[in-house]
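These notes are about the structure you will find just below.
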Amino acid sequence: MCGIIGIVCGSRGTEVFGKQLGLVIRDSLLSLEYRGYDSVGFAIVVDNGRIIVRKSKGKILDVEAKLGFIDYDGSTAIGHTRWATHGEPSDFNAHPHTDCSNTIAVVHNGIISNYSELKKKLLEKGHIFISETDSEVVPHLVEEFVRNGFTVLEAVKQLVKILKGTYALLVITSIDPHKIYFIKNVSPLVIGVGDRAIFIASDIPAFLRYTNRIIVLNDGDFGYISPTNIYIENIDRGAIDWRNRVRVIDWTPDMAMKEGYPHFMLKEIHEQPIALKNTLFSIVDEVEEVSRLLINADRVFLTGCGTSFHAALAGEYMLNILCGINTTTFISSEYIRFKKIFREGDILVAVSQSGETIDTLMAIREAKKRGARVIAISNVIDSAIPRESDIAIYTRAGPEIGVAATKTFTSQLLVFITIAVKLAKLLGSEIMSTIESIERELSELPSISRNIINIYEPRIKKFSEKLKEHGNAFYLGRGIGVPISMEGALKLKEIAYIHAEAYPAGESKHGPIALIEEGFPVFFTVLNDEYRELILGNIEEMKARKALTIGLVPKGYEEAKKRLDIVFELPRLSIYTASIVYTIPYQLIAYYTAIGKGLNPDKPRNLAKTVTVE
C-alpha cells in the first residue's frame with residue numbers, strides 16, 4: 001500500500017550516485033513495486049530552490065517514458081507510488097501534492113480520517129484543492145502554519161497534534177530546500193543512514209543498495225533529515241538521540257521486500273492490525289450509504305468465491321442475528337440458478353478481494369440485467385466489480401501478495417460488522433448496549449489482533465509440527481462459527497495440502513463422524529454465544545471416538561477446556577468481533593503446518609490470486 005522514498009544528499013545526484021537524482025528515485029520506487037500501486041510521482045528541488053513535480057497514473061517505467069526521470073537532477077527529492085484509497089487512480093490524485101504556491105510538496109502513505117473537516121476549514125480560508133485525496137490537506141496545512149509564523153519544523157509538529165488516522169508523511173519546501181521533514185503514525189517509515197546521502201522510505205528495499213544502516217521510526221516521531229544531520233523528536237518524549245537507534249541489517253533484497261519475514265503470507269498475517277485499523281478509519285461514509293440502501297431493499301443477496309464466500313456467509317449471520325434482515329448467500333459460480341429470481345428492488349452484495357473474480361462479475365451482470373442494485377466489497381480500487389456496481393466499499397488492507405487470502409478476509413469481515421452495526425442503529429434496535437459494546441470492541445480490534453499473534457504464534461508453530469503428520473481434519477462450529485471454521489479448513493487445504501472439511505457441528509453426526517478414528521484431528525470453533533453449550537455435546541461425540549480435539553474457546557470457558565485435548569483460549573468477545581479474532585490462529589496453523597511440510601505457502605500449487613475464468 002503506497003511506497004515512499006525521500007533522498008537528501010550534499011551535491012547533485014550525478015556527483016553522489018553517478019546518475020541523476022531522478023533516476024535514483026525511479027530505482028528506489030521500482031524496489032517498492034511489490035507493495036502494489038496505480039500511479040507514480042516525484043518532486044525534486046532544482047538548483048534555484050524551485051520544486052518540480054511530475055506525476056501520472058500508470059506503472060513506473062511507463063510513467064518514466066512519459067515524464068522523463070532522467071531529465072531531473074538535484075540534491076533533495078521525494079517519490080511515491082500510490083495505491084488509491086480516496087479518489088480514483090488519476091494524474092490529479094497521484095502524489096506528490098502541493099500547496100497553493102507550489103512551494104511545499106508532500107507524499108503520504110495511510111489515511112487521514114479527519115481530512116473532510118480539515119479541508120472544509122482550509123477552503124474557508126481560501127486554499128485551492130485540485131485532487132480528491134485526503135492527503136492534499138497536508139501541504140495546505142503546512143502552508144497555513146508557515147503563513148502564521150511557524151517554522152517548517154514547528155508546522156510539522158502541529159500536524160502531529162491535529163491529524164487523525166494513519167500516516168507516514170514526507171514534506172519538502174522551497175523555504176528549506178536541503179531538508180526532508182517527516183511524521184509517522186502507524187504507517188511504516190524507516191531512515192537509511194548513508195555515507196553521502198540520507199534516505200527515508202516506507203520500506204527498506206527502497207535504499208538497501210546504498211546503505212544497510214537503518215533507524216525505524218516510532219509512532220509520534222517527527223523531524224527532518226538533511227545531508228549532514230538527522231533530527232528526531234517524539235510528540236510525547238521530546239528530542240531523541242537517533243544514534244542509539246541505528247541498526248545494521250544483513251538482508252538480501254528479497255528478504256527486504258518481505259521486511260524480514262520468510263514469506264509474504266506471514267508478513268500479511270502480521271499486517272492485519274494495521275489493515276483493520278485502516279479499513280475501520282476509512283469506510284464510514286460508504287457504510288452509511290450502503291446501510292440506507294439495504295434498509296430499503298425488498299430482498300438481500302450476498303455472493304463471493306472461496307474466502308470471499310466465507311466472508312459473505314459470515315455477513316449473512318451478522319445481518320440475520322443483529323438486524324433481523326433475511327439474506328440469501330450463494331457461491332458466485334452458482335449464479336445461473338438465480339436468473340429468474342433477481343428482480344427490481346433486490347440488492348446483491350458482491351464480495352471479491354481482487355475485484356476481478358469472473359464468477360462474481362457474472363453474478364453481478366445477471367442481477368443488474370434483472371433490475372437489482374449491486375454493492376461491491378473489494379480491496380482493489382477501480383477494479384472491474386466495483387466499476388460495474390452501483391456502490392463500492394473498499395477494504396484498505398493494502399496489496400496482498402500471498403495467494404491465500406488473510407488480511408483481506410478479516411478486513412471484509414470488518415466491513416460486514418460495521419454495516420450490521422449501522423443497520424441495527426438505523427432500524428432502532430432495542431439492543432443498543434450490545435451495539436455500543438461491539439463498537440468498543442471494534443476500536444480495540446487492531447491491538448487485540450496484535451496480541452493474539454504475539455501470544456499464540458510460538459505455540460501454534462509447535463502444535464503444527466504434530467498436525468503436519470495427518471492427512472485429514474474436520475473443522476466444526478455453530479452459528480457464525482461455521483463460516484469461520486470453513487475458512488480455517490480452506491486455509492489448511494490451500495497451502496498445507498491436508499484434506500480438511502468444515503461442517504456445522506450438529507451435522508457431523510449425520511455422516512462425517514463415520515470417518516473418525518483414533519487421533520483424527522477435529523477443530524472446534526467455540527464462541528461465547530447461545531450455541532456454546534450445544535457444542536459441548538459435539539466435542540464429547542468426537543472424544544468418545546478417540547479423535548484429537550482442538551478448540552478455539554472463549555477465555556475462562558472451563559466446561560469446554562476440560563473436554564478438549566488442545567485449547568487455544570481467546571478473548572471473550574461478541575460473536576461479531578470474535579469472527580475476526582478467531583480467524584487469525586487458523587491462519588497461523590495453516591501457515592506453520594505448510595512450513596513444517598517444507599511447502600511454499602506463497603505459491604500453492606494450482607492456485608491463482610485472481611481467478612478470471614469461469
Side-chain angles (χ1 to χ4, degrees), residues 4-8 10 76 78 99 104-115 118 135 137-173 175-194 197-204 206-207 211 213-249 259 273-274 277 281 443-444 446-447 450-451 454:
I4 285 178
I5 177 66
I7 304 170
V8 283
T76 304
I78 55 177
D99 65 326
I104 299 165
V106 170
V107 291
H108 169 218
N109 181 8
I111 293 167
I112 296 170
S113 57
N114 61 336
Y115 82 99
L118 296 170
S135 313
V137 296
V138 177
H140 292 285
L141 285 169
V142 175
E143 180 184 21
E144 190 66 24
F145 284 126
V146 171
R147 187 184 290 168
N148 290 325
F150 289 85
T151 65
V152 180
L153 183 62
E154 289 168 343
V156 163
K157 187 172 184 176
Q158 293 304 310
L159 290 180
V160 183
K161 295 176 181 176
I162 64 171
L163 294 181
K164 294 178 182 175
T166 60
Y167 48 83
L169 287 158
L170 300 187
V171 181
I172 60 173
T173 78
I175 307 165
D176 217 351
H178 301 297
K179 289 177 181 170
I180 296 177
Y181 293 87
F182 61 83
I183 320 169
K184 189 250 185 232
N185 182 48
V186 181
S187 300
L189 206 51
V190 185
I191 293 174
V193 187
I198 307 293
F199 306 82
I200 186 164
S202 51
D203 211 346
I204 296 167
F207 52 71
T211 181
R213 291 184 293 155
I214 67 162
I215 302 168
V216 177
L217 294 170
N218 297 324
D219 289 349
D221 283 355
F222 65 95
Y224 64 81
I225 59 172
S226 75
T228 55
N229 192 22
I230 296 170
Y231 178 79
I232 304 175
E233 187 173 332
N234 186 276
I235 195 67
D236 297 320
R237 296 188 293 278
I240 289 166
D241 185 353
W242 59 269
R243 291 167 185 81
N244 296 327
R245 284 169 58 174
V246 176
R247 287 197 294 126
V248 178
I249 58 164
E259 295 179 357
I274 189 170
K277 194 166 191 172
F281 272 132
S443 65
E444 294 168 1
S447 62
R450 173 62 64 206
N451 287 339
N454 291 340

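Quantities reported herein were computed from a predicted structural model and do not represent experimental measurements.
- Among residues two or more places apart in sequence or in another chain, the side chain to side chain donor-acceptor pair (under 3.5 Å) test is passed with Asp221 by Asn234, Arg245.
- Distance alone, capped at 3.5 Å, places no donor-acceptor pair between the Trp242 side chain and the Ile215 backbone.
- The salt bridge (Lys or Arg N to Asp or Glu O under 4.0 Å) test applied to Arg243 returns Asp241, not counting sequence neighbours.
- Checked against salt bridge (Lys or Arg N to Asp or Glu O under 4.0 Å), Asp236 has no partners two or more places apart in sequence or in another chain.
- For the residue pair Ser135 and His108, the shortest heavy atom distance occurs at OG-ND1, 2.7 Å.
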Expected list for residues 149-171: side-chain donor-acceptor pairs under 3.5 angstrom, two or more places apart:
{"from": "Thr151", "atom 1": "OG1", "to": "Glu154", "atom 2": "N", "distance (Å)": "3.0"}
{"from": "Thr151", "atom 1": "OG1", "to": "Glu154", "atom 2": "OE1", "distance (Å)": "3.4"}
{"from": "Glu154", "atom 1": "OE1", "to": "Thr151", "atom 2": "N", "distance (Å)": "2.8"}
{"from": "Lys157", "atom 1": "NZ", "to": "Glu233", "atom 2": "OE2", "distance (Å)": "3.2"}
{"from": "Thr166", "atom 1": "OG1", "to": "Ile111", "atom 2": "N", "distance (Å)": "3.0"}
{"from": "Thr166", "atom 1": "OG1", "to": "Asn278", "atom 2": "OD1", "distance (Å)": "2.7"}

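- Pairing each heavy atom of Pro188 with each of Asn109, the nearest pair is CD-ND2, 4.4 Å.
- Side chains of Thr173 and Val146 form no contact here, defined as non-hydrogen atoms less than 4.5 Å apart.
- Residues passing the side-chain contact (heavy atoms from CB on, under 4.5 Å) test with Pro273 are Pro446, Ser449, Arg450, Ile453, sequence neighbours excluded.
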Determine, stepwise, if the pair Ile225 / Phe199 fulfils side-chain contact (heavy atoms from CB on, under 4.5 Å). CA-CA 8 Å; Ile225 59 172; Phe199 306 82; 6.0 Å; no
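- For Glu143, the side-chain contact (heavy atoms from CB on, under 4.5 Å) partners at least two apart in sequence or on another chain are Asp99, Cys100, Ser101, Ile104, His127, His140, Arg147.
- Side-chain N/O atoms of Tyr181 and Asp176 include a donor and acceptor closer than 3.5 Å.
- For Phe182, the ring-ring contact (aromatic ring centres under 6.0 Å, His included) criterion is met by no residue, not counting sequence neighbours.
- Residues that satisfy the side chain to side chain donor-acceptor pair (under 3.5 Å) test with Asp219, not counting sequence neighbours, are Lys184.
- For Tyr115, the ring-ring contact (aromatic ring centres under 6.0 Å, His included) partners two or more places apart in sequence, or in a different chain, are His86.
- In terms of modelled atom types and a separation under 3.5 Å, the side chain of Thr76 and the main chain of Pro177 share a donor-acceptor contact.
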